[in-house]
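Here's the structure, in structure tokens; my notes come after.
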Amino acid sequence: MSDFDFSSIEPYNSQEVPKAIARLAHNSMFARLVKTMNPKADASSLMALMECITTCDELQYMVMRPLVYQIVLRSATSFTYDGLENLDRGKSYLFVSNHRDITLDAGLLDVALISNGYKTPEIGFGNNLMKNDFIIDLFRLNKMFTIIRDGSRREFYNNSVFLSNYIHHVLFEKKSSVWIAQRNGRTKNGDDRTDQGLLKMFSMAGTGDFEADFKSLQIVPVAISYEYEPCDIMKSVSEYLSSTGLYEKSAHEDLLSIMTGISQQKGDIHLHFCNPISPDEVAQCASLVKNERYAALAGVIDKHIHNGYKLHKTNYIAADLLREETRYDDFYTTAQMEKFIEFAEHSMMKGPSQAARESVMDYFLTIYANPVYNKEKL
């Protein structure tokens with residue numbers, strides 16, 4: 001058993017769930033969120049249903065799964081997934097995923113697992129999202145645990161040790177899986193890369209034997225792709241402003257991103273569960289010197305994610321537009337290219353000033369083009 005007290009960051013336990021459900025059911029913000037996700041939802045019936053719920057799993061199955069399906073019906077053309085045959089229902093996995101939307105990435109993964117008889121994982125979310133009691137209740141009821149990201153260098157190290165021990169606690173003591181993004185925050189430029197620091201954090205609670213520790217973690221890379229990137233114009237503007245040194249995150253930016261990701265049209269969505277990182281892949285990384293081990297393992301995870309990423313016509317079009325060529329014109333028609341250009345130009349009207357639009361357009365297209373470029377490198 002772990003010597004750490006994880007009660008401040010872990011999902012609600014069976015004693016805490018009923019009280020949190022009651023708070024959530026009578027919270028006006030929750031009612032508004034439900035209406036945003038499903039305008040036809042009957043609030044009174046939903047509240048009555050929630051009063052019968054006693055576990056986080058029941059909430060996910062009876063409330064959140066139908067709501068996520070409604071998001072898909074209202075804002076996506078399709079939602080597909082594959083690779084579940086790579087997983088054993090009796091095992092616990094560490095899902096390391098690319099991260100494109102704050103809430104939907106993990107929500108869609110939960111739906112895919114629930115719908116096929118798999119247990120849902122505990123989900124890591126940054127404390128920057130835990131803005132109020134309503135959000136805390138909603139997230140912790142959805143099996144989310146808190147990742148503390150702020151503080152001094154010493155506090156950051158201590159928090160990393162704490163988080164590493166919690167992940168090991170979930171995997172090996174609770175016998176549950178974990179979902180965590182491959183880097184701090186969403187990918188804003190379409191180039192999905194695993195942070196080596198994340199892998200070092202995983203090992204902090206291990207034995208010190210790189211090969212044995214990472215074999216035991218059962219890492220499963222996950223690749224999610226959207227035909228139309230959630231919050232694409234917001235990401236493009238923030239990338240542009242960051243390049244000029246003028247970007248400053250607003251107080252309500254995360255909440256706006258959550259709501260935009262829910263409501264924005266996303267076209268086709270695909271989720272791919274990659275094969276677990278194999279013992280041979282871990283052994284090859286372990287044969288290198290210390291710092292190179294983590295870089296190599298990050299590269300292995302990236303290769304799986306890039307290979308599993310489903311490219312859409314929007315990706316091929318953007319890649320050709322940026323390079324001013326027709327290399328991928330077999331994957332789209334002229335009409336589809338013209339439609340995407342119109343979509344991109346319309347998006348520019350929502351964000352940057354006239355003077356910045358050309359630069360922001362490059363960032364916008366890069367979001368869509370980078371997955372193609374990553375496939376090329378494979």
Side-chain angles (χ1 to χ4, degrees), residues 1-4 6 9-11 86-88 91-99 105-106 109 120-127 143-149 151 153-187 192-223 273-305 308:
M1 295 293 291
S2 174
D3 294 329
F4 291 87
F6 300 119
I9 69 164
E10 64 185 344
N86 300 326
L87 307 182
D88 184 334
K91 289 185 178 180
S92 300
Y93 296 100
L94 177 54
F95 296 110
V96 178
S97 175
N98 67 333
H99 192 22
D105 294 352
L109 177 136
T120 55
E122 292 196 15
I123 298 164
F125 266 79
N127 64 323
K143 298 174 72 170
M144 298 179 184
F145 62 90
T146 308
I147 300 173
I148 303 171
R149 290 177 172 153
R153 182 175 295 183
R154 169 59 63 181
E155 289 170 330
F156 179 81
Y157 173 80
N158 290 336
N159 289 334
S160 296
V161 172
F162 186 67
L163 179 60
S164 183
N165 277 274
Y166 181 70
I167 289 172
H168 280 70
H169 168 66
V170 175
L171 291 172
F172 304 123
E173 295 179 14
K174 288 177 141 183
K175 305 297 183 183
S176 181
S177 295
V178 170
W179 178 97
I180 194 165
Q182 67 181 151
R183 45 158 291 165
N184 182 0
R186 294 166 295 161
T187 299
D192 299 310
R193 299 287 166 183
T194 302
D195 184 358
Q196 295 178 45
L198 180 75
L199 304 183
K200 292 177 181 178
M201 180 273 291
F202 290 157
S203 67
M204 285 178 169
T207 63
D209 183 325
F210 182 97
E211 185 172 350
D213 288 342
F214 279 100
K215 283 181 179 178
S216 70
L217 289 175
Q218 289 287 311
I219 295 175
V220 175
V222 178
F273 294 88
C274 305
N275 283 305
I277 300 301
S278 71
D280 285 345
E281 288 173 314
V282 174
Q284 289 175 14
C285 297
S287 67
L288 303 173
V289 297
K290 186 173 182 180
N291 287 333
E292 292 180 1
R293 294 174 177 178
Y294 294 101
L297 184 56
V300 170
I301 294 172
D302 293 345
K303 182 178 179 180
H304 279 272
I305 290 175

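These numbers come from the heavy atoms of this one structure, side chains and all, not from hydrogens, waters or symmetry mates. FYI, the numbering just counts along the sequence from 1.
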Q) Is there a donor-acceptor contact under 3.5 Å from the side chain of Ser177 to the main chain of Tyr93? A) yes
(Q) Side chains of Trp179 and Val96, heavy atoms from C-beta outward: is any pair under 4.5 Å? (A) no
Q. Does a donor on one side chain sit under 3.5 Å from an acceptor on the other, for Thr146 and Asn127?
A. no
Q. Is a side-chain N or O of Asp192 found less than 3.5 angstrom from the main chain of Asn98, in a donor-acceptor match?
A. no
Q. Hey, are the side chains of Phe145 and Val170 touching, using non-hydrogen atoms and a 4.5 Å cut-off?
A. no
(Q) If you define the side chain from C-beta out and look only at heavy atoms, does anything of Tyr294 sit under 4.5 Å from Phe214? (A) yes
Q.
Taking salt bridge (charged side-chain N to carboxylate O under 4.0 Å, His left out) as the definition, give me every residue that meets it alongside Glu281, ordered by chain and number, with sequence neighbours left out.
A. none
Q: With the side chain counted from C-beta on, respond yes when Phe156 and Ile148 share a heavy-atom pair under 4.5 Å apart, and no when they do not.
A: no
Q. Hey, does Phe210 have a side-chain heavy atom less than 4.5 Å from the side chain of Cys285?
A. yes
**Q.** Contact check, side chains of Met201 and Leu163, non-hydrogen atoms, under 4.5 Å
**A.** yes
(Q) Among residues at least two apart in sequence or on other chains, which ones pass side-chain hydrogen bond (donor to acceptor under 3.5 Å, both in side chains) with His99? (A) Asp105
Q. Just by modelled atom types, is the Val161 backbone N or O under 3.5 Å from a matching donor or acceptor in the Tyr166 side chain?
A. no
Q. Would Phe6 and His169 count as a close aromatic pair, with their ring centres under 6.0 Å?
A. yes
Q.
Which residues pass the side-chain hydrogen bond (donor to acceptor under 3.5 Å, both in side chains) test with Asn184, not counting sequence neighbours?
A. Arg149
Q.
For a 4.5 angstrom cut-off between non-hydrogen side-chain atoms, does Asn275 reach Val220?
A. no
Q: Return the set of residues passing side chain to side chain contact (heavy atoms under 4.5 Å, CB included) with Glu211 (not counting sequence neighbours), or none when no residue passes.
A: Asp209, Lys215, Val282, Ala283, Ala286
Q | Qualifying residues under ring-ring contact (aromatic ring centres under 6.0 Å, His included), relative to Phe172, sequence neighbours excluded | A | His168
Q) Does any N or O in the side chain of Ser164 come within less than 3.5 Å of the main-chain N or O of Ala205, such that one atom is a donor and the other an acceptor? A) yes
Q) Rounded to the nearest 0.5 Å, what separation is found between the OG atom of Ser160 and the CZ atom of Phe202? A) 11.0 Å
Q. Minimum heavy-atom separation for Asp213 to Gly208, with atom names?
A. OD2-N, 3.1 Å
**Q.** With Thr194 via side-chain hydrogen bond (donor to acceptor under 3.5 Å, both in side chains) - residues at least two apart
**A.** Gln182, Asp302
(Q) Counting C-beta onward and ignoring hydrogens, is there a side-chain heavy-atom pair between Lys143 and Ile123 closer than 4.5 Å? (A) no
